[in-house]
Amino acid sequence: MPLTRFETFQTLFPAEPAWRFRQIERALFDPRVNGWQDISNLPQDMRAALAENVAWSSIAEANVYASKDGSTRKALVQLHDREKIETVLMKNKRGEWSVCVSSQVGCSMNCSFCATGRMGLRRNLTADEIIDQLRFWYYFLRDKKLDGRISNIVMMGMGEPLANYENVKSTLRQWLACTDIGPNHITVSTVGLLPFLQKILQDAAWPPVRIAISLHSADETLRKKIVPTTTGNYLAELSQWIKKYLQTKASNKRHVTFEYVLLRGVNDSVRDAKLLADFVTTTGRVKVNLIPFNDINDAALQRSNNTDEFAAVLKKCGVTVTVRQSAGLDIMAACGQLANSLYPRP
Ligand code: SAH
């Protein structure tokens, strides 16, 4: 692993005060700055040393694909070691842009319906590599002269963010410090690993971003089948966690989101909806986001045709429910499809 930007800076300039590096971090998000030489408040020799030793972006190369309707762009990004990840830019309901970033190259969680899981985990991304996915889209919008600001970030690309806890945390802190995107507009989506969720409760430095938990079933045996990281007594422990989180970490208006991919004949029956509604009532402020299954070339898995009924059952039980719009299906950029085009399955 090469040194991070911060480590390289410390090695080059061990005596510099911390505010100097913060100045640099801010410049990374300044649209007028295109490289180390442009950071006009740094001494000339420091700019020269940085230019020689540190890449301006950890993204070595990127190919961008646009969906036919123009609402979605996917960048296939190459990193210094030739590993590849994907990041997605999509128009949101307010006509602004949302960016979806990856947190790992591949993923070890192995959820049955997700293409990324099938490639296994290749490595964690560094904080620079996560941070730079957002920078990439800022430069892209600027250079292509596209209208609209980036208003939201979702960490829903490749990988399990909490399995890369420290790098994800420093990324979030840097975005919050250096961009105009606030914590209510950043969502970390997790498969719901309890030890890391517990860690968040203890961690005063964990930023107050939104959390979405990929639940996918409120029947523990079924969840274990489709989300193999499900541990014993999972639902009871998750429910406890949510209560604590809402009490101690979240402001009064805050909620937790459950993501739920609807798979035909697997988790989409009226019984499944009722179980979910019952579970939600044990936890307090939770909203449900139903996700239409996006094809990953596996004949055994199909999109549910029961979404409306499933949503209606939840609503009737008083659960707040939304259905996610799939974006970028024609360029394999939708949820769960990232990696398909990169690493063909055996
Ligand atoms: N590891 C994180 C981020 C994964 S991607 C997590 O588990 O939350 C974000 C969402 O897309 C997750 O809810 C994930 O379960 C969902 N997803 C995965 N595969 C999908 C597919 N084929 N179709 C639709 N959604 C999918």
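Only this structure's heavy atoms are used, side chains among them; waters, hydrogens and symmetry mates stay out. Counting convention: from 1, in listed order, for ligands and their atoms alike.
Residue contacts with ligand 1 for Thr190 involve N, CA, C or O but no side-chain atom from C-beta outward (heavy atoms, distance under 4.0 Å). The residue Ala212 has no part lying near ligand 1, judged by heavy-atom distances below 4.0 Å. Counting heavy atoms closer than 4.0 Å to ligand 1, residue Met156 contributes atoms from both its backbone and its side chain.
Taking the six-membered ring for Trp and the full ring otherwise, the centers of Phe258 and His216 sit at least 6.0 Å from each other.
Ligand 1 has a nitrogen or oxygen under 3.5 angstrom from a nitrogen or oxygen of Ser214. Checking only distances, Phe113 does come within under 3.5 Å of ligand 1, N or O to N or O. Below 3.5 Å of separation, one finds an N or O of Gly159 facing an N or O of ligand 1.
Under a 4.0 angstrom heavy-atom cut-off, Pro292 registers as being in contact with ligand 1. Under the 4.0 angstrom criterion for non-hydrogen atoms, Glu160 is in contact with ligand 1.
The closest side-chain donor-acceptor pair between Arg135 and Tyr139 falls under 3.5 angstrom.
Taking CD of Glu16 as the start and CZ of Phe21 as the end, the distance is 12.0 Å to the nearest 0.5 Å.
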Asp38 and Arg47: CA distance, side-chain angles, deciding distance, salt bridge (Lys or Arg N to Asp or Glu O under 4.0 Å) verdict: CA-CA 8 Å; Asp38 293 348; Arg47 292 188 227 174; over 6 Å; no
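Taking every heavy atom of Ile291 and a limit of under 4.0 angstrom, the matching atoms of ligand 1 come to 13 (O), 24 (C), 25 (N). In the vicinity of Val191, heavy-atom distances shorter than 4.0 Å reach the ligand 1 atoms 6 (C), 7 (O), 8 (O). Below 4.0 Å from some heavy atom of Ile296 lie the following atoms of ligand 1, by number and element: 22 (N).
Each of Val288 and Val270 belongs to its own hydrophobic cluster when Ile, Leu, Val, Met, Phe, Trp and Tyr are linked at side-chain heavy-atom distances under 4.5 angstrom.
The existence of a salt bridge linking Lys287 and Glu259 is excluded, since no basic side-chain nitrogen approaches an acidic carboxylate oxygen closer than 4.0 Å. Glu166 has a carboxylate O that lies under 4.0 Å from a charged side-chain N of Lys199, or vice versa, which qualifies the two as a salt bridge.
Between Arg303 and Leu262 there is no side-chain heavy-atom pair separated by less than 4.5 Å.
Of the candidates Gln104, Arg303, Met158, His216, His216 brings a heavy atom nearest to atom 15 (O) of ligand 1. Checking Ser102, Ser189, Cys114, Gly192 against atom 3 (C) of ligand 1, the nearest heavy atom belongs to Ser189.
Residue Asp147 places its CG atom among 12 or fewer non-hydrogen atoms of other residues, nucleotides or ligands, all under 6.0 Å distant.
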